[in-house]
Structure formats: C-alpha cells, structure tokens
S.K.: 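Here it is, the structure in full.
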There are 2 protein chains.
Amino acid sequence: MTADRIFEALASQPRRKILAYLSAQELTAGEIASRFDMSAPAISRHLSVLETAGLVNSERRGQYVVYRINKDNLVNTLTSFTFEICPVAGPLKRESRKRAAMKQST
Amino acid sequence: MTADRIFEALASQPRRKILAYLSAQELTAGEIASRFDMSAPAISRHLSVLETAGLVNSERRGQYVVYRINKDNLVNTLTSFTFEICPVAGPLKRESRKRAAMKQST
DNA sequence: TAATCAATTAAAACATTGGTTAAATATATA
DNA sequence: TATATATTTAACCAATGTTTTAATTGATTA
C-alpha cells in the first residue's frame, strides 16, 4: 500500500523539514544537506525514502541531483486519509474533490 | 513538539486501522483487540501511543475502558501540516480556517 | 471474600530505523 | 587521462519500536 510508505516517510522530523524546504524551491542534494547537521549519506537516504513514497522527484542536472516536491501526492494522500477518518467535514470534502479534479493546475 | 508524536503515531498500519475503526464508533480495548490478530497487550500499547498523541481519548466504564477518537486533533494537525507544505490550495485553506473557527460543532 | 473478567505494565526477544565512515559511481574539468 | 566535486551505496553500530508471555491492577459478582 502506498499510504504506508507515505506515512512512514512523514514520521521523521528531518524528512518533514526537507519537505518544508522543498515546498519553497527546488534544491540539490548538497544544498539540502548543508542545512542539516548531518552527513550527506544520511540526507541521501532520507531523500530516497521521500522519493520512494512519491513525495519528491529528482532529476540529475550535470554533477548535481535536483530535488523537487510532489505537492499533489502529499495533499491528496493526507486529505483522503483525513476524510476517511473524519467524513464529517462536508464543505472541506467538496473542495478537496474539486481540487483533485483539476490536479494538473498546481 | 506535538506534530512529532502525531506523525509517529500515524506511522503504523495497525494504529491507522484502529483510528478507522474508532471513526465509526467508540469501542472497548477488548473489542478493538478482537479485530486484530495480535495480543491484547500489543493493542494496549498502540492505544497508549494514540492517546499520548492526543488522537484518541479513553474512559473507564466499569470493567471496560472505552476508546473514542479525537477527530479535531487529527484533522487540525494534518490540514495545518498540509498547508504549511502546500499553501497553494486557496479555497481549501479558507474552508479549513472556517472549520477551525467552529471547531466545537463536530 | 474468593473467583473471574478486562486491561495494563513488566521483562525479554526480535526487527527496524537512523546515524556514522568508507568505498563506489557519475559528471565536470585541467 | 587524471583529478576534483557531487551523490549514492555498503557495511556497521546504537537506539528505538513491536511483539510475546507472565505478572499486576481494577472492577464485578457468586
């Protein structure tokens, strides 16, 4: 199941922090690593967890590997889980469906 | 940080399953345990993780301990995280604020 | 009170996660 | 080609999480 990997990926402060950084701009692996007090290999593994979960994408650009967030996947998973647990939120749910329908506009 | 505990609590299939069960109705610890192929103590631990994270509440009722979900906490945490990472979703964000304002109506 | 049922806590075994350093791979450049 | 930089993979260790069985606590009832 994919929700498994996503929740597991989110269950880590450094990984959530990486997502927050990437939500503002795309960054190379090295740029990300430089923002943490942690070795590059450790960051590389966190990035691979995030990528396996489908929360980020990577692209090699020369020597560098650029990472970029996959917002749709994150939003869709969390909102669909939220509404599975809490189907009460009517208007919010409607908006969520609308958003999912025009996913590509992000 | 409380988001830490919440994401850690959600990073477990059995715990998410427990939340799903509790989203439909309140259940005793034993009723929950009977739905899993797992010992009662194991379930008890999962319940305590969920309760520490503030995702469920418990109340002793005679011999039994009844568990009930705390939907607001879950929804608020996940939506606020979602919008921290993805502030693009304008209308959804507005609805979320509205919902937070009338929290008690759940 | 004694016996029973429900639930949690304790202790131990086992698996998983998260970090390190060292080695390997990929690209750029002198 | 040789060297340097960026990143990932491999091997390893420490810490944490998950489960089990056994013991303990709380509440009901015969």
S.K.: Please list residues of residues 35-46 of chain A whose heavy atoms come under 4.0 Å from any atom in DNA chain C, ordered by number; otherwise none.
M.R.: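 Within this stretch, A:M38, A:S39, A:P41, A:A42, A:R45, A:H46 sit under 4.0 Å of the strand.
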S.K.: Using 0.5 Å steps for rounding, measure from the CG atom of B:L22 to the CG atom of B:L47.
M.R.: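 Output value for this atom pair is 7.5 Å.
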S.K.: Among B:L50, B:N73, B:L74, which residue meets the side chain to side chain contact (heavy atoms under 4.5 Å, CB included) test with B:V56?
M.R.: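 Testing each of B:L50, B:N73, B:L74 against B:V56, the sole residue satisfying side chain to side chain contact (heavy atoms under 4.5 Å, CB included) is B:L50.
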S.K.: Could you report the tightest heavy-atom contact between A:A9 and A:L55, atom names first, then the distance?
M.R.: CB-CD1, 4.0 Å
S.K.: The test is side-chain contact (heavy atoms from CB on, under 4.5 Å); show your working for A:R61 and A:E26 and say whether it passes.
M.R.: CA-CA 12 Å; A:R61 201 172 290 169; A:E26 56 178 41; 3.1 Å; yes
S.K.: Could you tell me how far apart B:Q13 (CD) and C:dT16 (C1') are, to the nearest whole angstrom?
M.R.: 15 Å
S.K.: Please give me the minimum heavy-atom distance between B:K71 and B:S23, naming the atom from each residue.
M.R.: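 Where B:K71 meets B:S23 most closely, the heavy atoms are NZ-O, 3.6 Å.
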S.K.: Check DNA chain D against residues 54-66 of chain B and give the residues with a non-hydrogen atom under 4.0 Å, in numerical order.
M.R.: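 Heavy-atom cutoff 4.0 Å gives B:R60, B:G62, B:Q63.
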S.K.: Does anyone know the first and last nucleotide of DNA chain D in reach of chain B, 5' to 3', at under 4.0 angstrom to a heavy atom?
M.R.: D:dG17 to D:dT28
S.K.: Determine, step by step, whether B:I32 and B:H46 satisfy the side-chain contact (heavy atoms from CB on, under 4.5 Å) criterion, reporting the C-alpha distance in whole Å, the side-chain angles of both residues, the deciding distance to 0.1 Å, and the verdict.
M.R.: CA-CA 11 Å; B:I32 295 169; B:H46 284 305; over 6 Å; no
S.K.: In whole angstroms, how far is the P atom of C:dT17 from the CZ atom of B:F7?
M.R.: 18 Å
S.K.: Using the ring pair (Phe, Tyr, Trp, His ring centres under 6.0 Å) criterion, which residues pair with A:Y21? Sequence neighbours excluded.
M.R.: A:F36
S.K.: Who pairs with B:Y64 by side chain to side chain contact (heavy atoms under 4.5 Å, CB included), at least two apart in sequence or on another chain?
M.R.: B:T28
S.K.: B:E8 and B:R15: which non-hydrogen atoms are nearest, and at how many Å?
M.R.: O-NH2, 3.2 Å
S.K.: Cluster question for you: counting only ILVMFWY and a side-chain heavy-atom cut-off of under 4.5 Å, with indirect links fine, are B:L27 and B:M38 together?
M.R.: yes
S.K.: Angle, rounded to 10°, between the helical axes spanning five pairs at each terminus of the helix from C:dT1-D:dA30 to C:dA30-D:dT1?
M.R.: 10°
S.K.: Show the nearest heavy-atom pair for residues B:I6 and B:A53, with the distance to one decimal.
M.R.: CG1-O, 3.5 Å
S.K.: With heavy atoms under 4.0 Å as the rule, sort A:E8 into base, sugar-phosphate or nothing.
M.R.: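 The residue A:E8 makes sugar-phosphate contact but no base contact.
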S.K.: Minimum heavy-atom separation for A:L10 to A:R16, with atom names?
M.R.: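 Shortest heavy-atom separation between A:L10 and A:R16 comes out as O-NH1, 2.8 Å.
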S.K.: Is A:T28 touching bases, backbone alone, or none of the nucleic acid, heavy atoms closer than 4.0 Å?
M.R.: sugar-phosphate
S.K.: So which atom in B:S58 and which in B:V65 form the shortest heavy-atom distance, rounded to 0.1 Å?
M.R.: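 That would be CB-CG1, 3.8 Å.
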